[in-house]
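Here is the structure we will look at.
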Amino acid sequence: MPVDHVSISNLSEHEGETVTLKGWLYNKRGGKGIAFLILRDGSGLAQCVVNQEEVDEASWTAASDASQESALAIRGSVRADERQVGGYEVQATSVELISKAEDYPITPKEHGVEFLMNHRHLWLRSRKQWAVMRVRNQIIYSMHQFFQEQGFVQMDAPILTGNAVEGTSTLFEIDYFGRPAYLTQSGQLHGEAMAMAMGKIYTFGPTFRAEKSKTRRHLTEFWMIEPEMAFYDLDDNMSMAEGLLCRLVTDVMSKCATELEMLERDLEPLKRVEGPFPRVSYDEAVDILHSDETQRMMDQRIESAKEEDARLEAELAENKKAYGQAKKWQKRKFDAREIEIHKRRNEIEEDLRNLPKWKESARTFEWGTDFGGSDETVITWHFDRPIIVHRFPHQFKAFYMKRDPEDDRLALGMDVLAPEGYGEIVGGGERATDLAFLEAQVEAHGLPAEVFDWYFDLRKFGSVPHSGFGIGLERTVAWICGLHHLREAIPFPRLLDRIHP
RNA sequence: UCCUCGGUAGCUCAAUGGCAGAGCAUGCGGCUGUUAACCGCAGGGUUGUAGGUUCGAAUCCUACCCGGGGAGCCA
């Protein structure tokens with residue numbers, strides 16, 4: 001632990017003392033004989049005031065020369081100041097320029113997605129990204145706590161696998177000493193083996209999908225947590241997922257209040273995340289899609305989108321009229337607002353293109369098929385908190401799912417759908433226990449039986465009811481943070497056509 | 001693979017067939033309490049690439065390249 005400097009996050013413990021801060025220059029303002037250096041050290045931001053008359057010449061030169069993201073060591077006295085970020089300010093007595101930064105590309109102004117993604121290694125230093133990563137960290141920490149407190153053992157499933165588990169999705173193939181191998185798309189089957197050894201386990205690791213999905217809800221590499229519990233049935237499984245999500249949201253709201261504020265996250269939907277989550281069977285979900293209520297809801301959404309568009313158009317025209325006589329700083333505000341309006345109107349335009357299709361898709365939805373992205377979203381619009389959809393037709397579910405003893409057409413699967421359009425963040429179910437059934441399923445799915453020999457052993461030696469689920473870390477982070485896109489929920493996103501930096 | 005929107009200064013954008021511009025960033029100057037500080041001056045351009053239409057193209061047409069969003073696909 002370093003003893004020669006303090007963290008900005010700990011400034012409150014040093015009020016009135018003289019301390020040294022080490023970090024990077026976030027932004028600078030100043031006048032003749034005075035400079036305001038906003039220092040960033042990873043734990044927070046702090047304004048350091050450098051008064052030319054109160055520091056030596058070298059310090060003043062260092063403060064004057066320091067450019068954005070230059071590394072600095074600043075010594076000074078700590079005092080409380082409510083106006084400042086973090087509530088404290090440092091009156092500098094000396095400034096040392098550790099390393100001068102040249103032409104930092106990310107300015108404290110607006111940037112486009114492509115530019116920011118190309119500079120992801122630097123973008124991570126920005127306030128919003130800092131907040132997201134802190135929330136991600138809290139979610140990871142809370143997940144471990146949640147499971148560890150209940151006696152789960154964390155175990156790791158292999159990342160390299162010799163076969164495509166479910167046969168359906170596209171995997172990344174690699175050369176494994178001359179043989180084909182694949183990057184895992186799920187640790188679930190190995191998780192079952194580990195649960196039979198330890199009772200309750202969870203895996204925490206990266207997962208890979210080679211699908212050519214180019215949407216805000218997909219990454220090619222993402223992190224998934226997969227608990228697997230022996231002697232847990234579908235209901236137990238749903239309660240476990242519900243308990244986990246409630247814990248995550250509660251912890252983030254209490255421990256990351258500052259971060260959520262920086263992200264301008266609307267807290268109302270998060271406050272409503274309390275058990276019990278509505279349990280909606282697939283049959284009920286289909287009824288919801290077919291309902292008149294859904295049709296009315298879609299019409300209403302189309303109407304309100306049109307109204308909002310008209311409002312924005314009017315505002316745009318009004319701003320244009322006022323623009324001529326506006327002061328310079330007002331003009332800048334108008335410019336910023338204009339960009340915002342354009343962006344929002346593009347979104348609305350897209351909604352207006354999509355909503356009628358979604359409405360039609362809901363009305364004509366056929367029992368026995370899987371929900372499309374829009375169907376999921378439409379279903380969640382009927383509720384004010386996450387919902388659990390369960391008991392799906394087995395056709396589109398994995399071979400290892402247990403059948404519903406009360407209706408053989410159904411598999412005991414469950415998905416948790418997050419509200420606010422975030423969709424599926426958890427997927428899982430109760431696993432089949434009968435060896436003969438599993439062998440038949442493997443054959444019916446056209447999968448090679450020989451690679452499942454070890455999996456079948458789990459049913460030969462003390463087969464028990466068990467279930468589990470997978471929760472996508474980035475989707476959870478994106479939902480809780482209210483992010484527009486999964487790419488901001490992971491430090492270095494891997495997307496179709498993007499593997500750098 | 002398909003649909004859709006876009007590519008103009010380092011960055012964000014404007015210029016709707018007629019002189020390529022603004023703000024930010026950078027450099028210099030001014031200002032002793034700034035909060036995306038402010039004020040003044042300066043440098044900065046193969047308008048994604050190739051071709052075509054036109055007296056004249058950032059703007060229209062064709063092809064290609066790159067990116068955003070969506071569909072398909074996807075525990």
Side-chain angles (χ1 to χ4, degrees), chain A residues 26-38 45 47-54 67-68 81 83-85 89 91 102-119 127 165-166 168-171 185-188 207-220 222 224 226 323 327-329 331-336 338-340 342-343 346-347 349-351 353-354 357-358 361 370-374 376 389 392 396-401 411 413-416 423-429 468-472 475 484-485 487 495-498:
Chain A
Y26 188 75
N27 197 5
K28 183 166 81 168
R29 292 179 282 270
K32 182 173 179 162
I34 192 164
F36 302 96
L37 309 180
I38 315 295
L45 296 175
Q47 172 162 284
C48 303
V49 186
V50 186
N51 206 313
Q52 190 171 11
E53 290 170 4
E54 291 169 28
S67 51
Q68 197 188 348
D81 187 333
R83 293 169 300 178
Q84 305 310 335
V85 277
E89 182 177 80
Q91 186 69 42
E102 306 273 340
D103 282 346
Y104 188 68
I106 302 180
T107 63
K109 303 282 167 183
E110 278 232 358
H111 296 283
V113 176
E114 187 185 357
F115 178 81
L116 288 171
M117 287 299 292
N118 288 337
H119 296 84
R127 259 155 70 95
V165 174
E166 289 165 33
T168 46
S169 52
T170 324
L171 305 189
Q185 57 145 341
S186 164
Q188 167 172 351
T207 304
F208 307 87
R209 303 280 163 89
E211 264 97 33
K212 298 203 169 175
S213 299
K214 220 176 108 176
T215 82
R216 68 182 79 177
R217 292 185 306 277
H218 292 87
L219 297 169
T220 53
F222 60 98
M224 189 153 69
E226 295 179 279
Y323 197 86
K327 297 237 166 64
K328 195 168 176 180
W329 65 271
K331 282 187 179 170
R332 205 170 300 160
K333 281 232 161 84
F334 281 139
D335 287 343
E338 188 174 337
I339 292 169
E340 211 170 288
H342 280 312
K343 210 186 266 175
N346 279 335
E347 280 172 20
E349 194 187 312
E350 178 142 4
D351 284 350
R353 264 200 308 272
N354 284 333
K357 288 185 210 155
W358 291 12
S361 162
D370 201 357
F371 300 125
S374 72
E376 273 185 2
V389 184
F392 300 90
F396 58 82
K397 286 290 172 185
F399 74 90
Y400 50 72
M401 289 252 184
M414 63 114 179
D415 287 347
V416 181
E424 184 180 342
I425 53 174
V426 169
F469 60 86
I471 174 167
R475 285 188 178 181
H484 189 65
H485 200 299
R487 67 184 156 220
L495 301 155
L496 183 68
D497 296 332
R498 186 178 287 281

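Here is how names work: the chains are called A, B, and so on, in the same order as the sequence lines, proteins then strands, and each is numbered from 1.
When all heavy atoms are compared, the tightest approach of A:Gln68 to A:Ile106 is NE2-O, 3.0 Å.
To the nearest whole angstrom, the two C1' atoms, one in B:G45 and one in B:C11, are 15 Å apart. Between the P atoms of B:U4 and B:C61, the separation comes to 14 Å (whole Å). Rounded to a whole angstrom, the distance from the P atom of B:U8 to that of B:G67 is 14 Å. On the P atoms, B:G52 is 12 Å away from B:A57, given to the nearest whole Å. Remark: the separation of the P atoms in B:A22 and B:A9 is 14 Å, to the nearest Å. To the nearest whole angstrom, the two P atoms, one in B:G10 and one in B:U49, are 13 Å apart. On the C1' atoms, B:G18 is 12 Å away from B:U54, given to the nearest whole Å. B:A58 and B:G21 have their C1' atoms separated by 12 Å, given to the nearest Å.
Looking at A:Arg209 and A:Thr220, their side chains never come closer than 4.5 Å, going by heavy atoms from C-beta outward. By the 4.5 Å heavy-atom criterion applied to side chains, A:Gln188 and A:Tyr400 are counted as neighbours. At least one side-chain heavy atom of A:Asn51 sits under 4.5 Å from a side-chain heavy atom of A:Gln91.
Closest approach to the A:Asn51 side chain among B:U32, B:G33, B:C74 is made by B:U32 (side chain taken as heavy atoms from C-beta onward). The side chain of A:Glu114 approaches B:C66 more closely than any other nucleotide in the set B:C66, B:G70, B:A36. Taking every side-chain heavy atom of A:Glu89 into account, B:G33 is the closest of B:C74, B:C66, B:G33. The listed nucleotides are B:U35, B:G70, B:C74; the one nearest the side chain of A:Arg83 is B:U35. Nearest nucleotide to the A:Val49 side chain, out of B:C74, B:G33, B:G70: B:G33. Here the side chain of A:Asn354 is nearest to one of B:G33, B:G69, B:G70, namely B:G70.
Distance CD/A:Gln185 to CZ/A:Phe222: 8.5 Å, rounded to 0.5 Å. Annotation: the span from A:Asp370 atom CG to A:Glu376 atom CD amounts to 7.5 Å, rounded to 0.5 Å. Atom CZ of A:Phe396 sits about 6.5 Å away from atom CZ of A:Phe371, to the nearest 0.5 Å.
In this structure, A:His484 reaches neither bases nor backbone, as no heavy-atom distance under 4.0 Å exists between it and the strands shown. Using a 4.0 Å heavy-atom distance criterion, A:Gly428 is classed as making no nucleic acid contact. Using a 4.0 Å heavy-atom distance criterion, A:Glu54 is classed as making no nucleic acid contact. Among the atoms of the strands shown, base atoms are found under 4.0 Å from some heavy atom of A:Gln47. Note on A:Glu376: nothing from the nucleic acid sits closer than 4.0 angstrom, heavy atoms only. A:Glu53 comes within 4.0 angstrom of a base, heavy atoms only.
Atoms NE2 (A:His111) and C1' (B:G23) sit 13 Å apart, rounded to a whole Å. Here the C1' atom of nucleotide B:C66 and the CE atom of A:Met117 are 15 Å apart, to the nearest Å. Atom P of nucleotide B:U32 and atom CD of A:Gln91 are separated by 16 Å, given to the nearest angstrom. Summarising the geometry, the separation between CZ on A:Phe36 and P on B:U34 is reported as 7 Å, rounded to the nearest angstrom. Rounded to whole Å, the distance from CG on A:Leu496 to P on B:U1 is 10 Å. When rounded to the nearest whole Å, the span between CG of A:Asp370 and P of B:G72 equals 10 Å. The NE2 atom of A:His119 sits 13 Å away from the C1' atom of B:A25 (whole-angstrom rounding). Atom CZ of A:Phe115 is separated from atom C1' of B:C24 by 12 Å (rounded to the nearest Å).
For the 3.5 Å distance criterion, the side chains of A:Glu89 and A:Gln47 qualify, holding a donor opposite an acceptor.
Remark: the A:Gln68 side chain and the B:U26 base include no donor-acceptor N/O pair separated by less than 3.5 Å.
At the phosphate of B:G69, OP1 or OP2 sits under 4.0 Å from a side-chain N or O atom of A:Arg487. For the OP1/OP2 pair of B:A71 and a distance below 4.0 Å, the side-chain nitrogens and oxygens of A:Arg217 include at least one atom meeting the criterion.
Between A:Pro105 and A:Gly373, the residue whose closest nucleotide on RNA chain B is further toward the 5' end is A:Pro105. Between A:Leu495 and A:Gly187, it is A:Leu495 whose nearest contact on RNA chain B lies nearer the 5' terminus.
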* So A:Thr215 and A:His485, side-chain contact (heavy atoms from CB on, under 4.5 Å) or not? Walk me through it. -> CA-CA 8 Å; A:Thr215 82; A:His485 200 299; over 6 Å; no

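For the strand RNA chain B, secondary-structure stems (runs of at least three Watson-Crick or G-U pairs, all distances below 3.5 Å) span B:1-7 with B:65-71, B:10-13 with B:21-24, B:26-30 with B:38-42, B:48-52 with B:60-64.
Between A:His111 and A:Phe115, the angle of the ring planes stays under 30°, which puts this pair in the parallel group of the 30/60° scheme.
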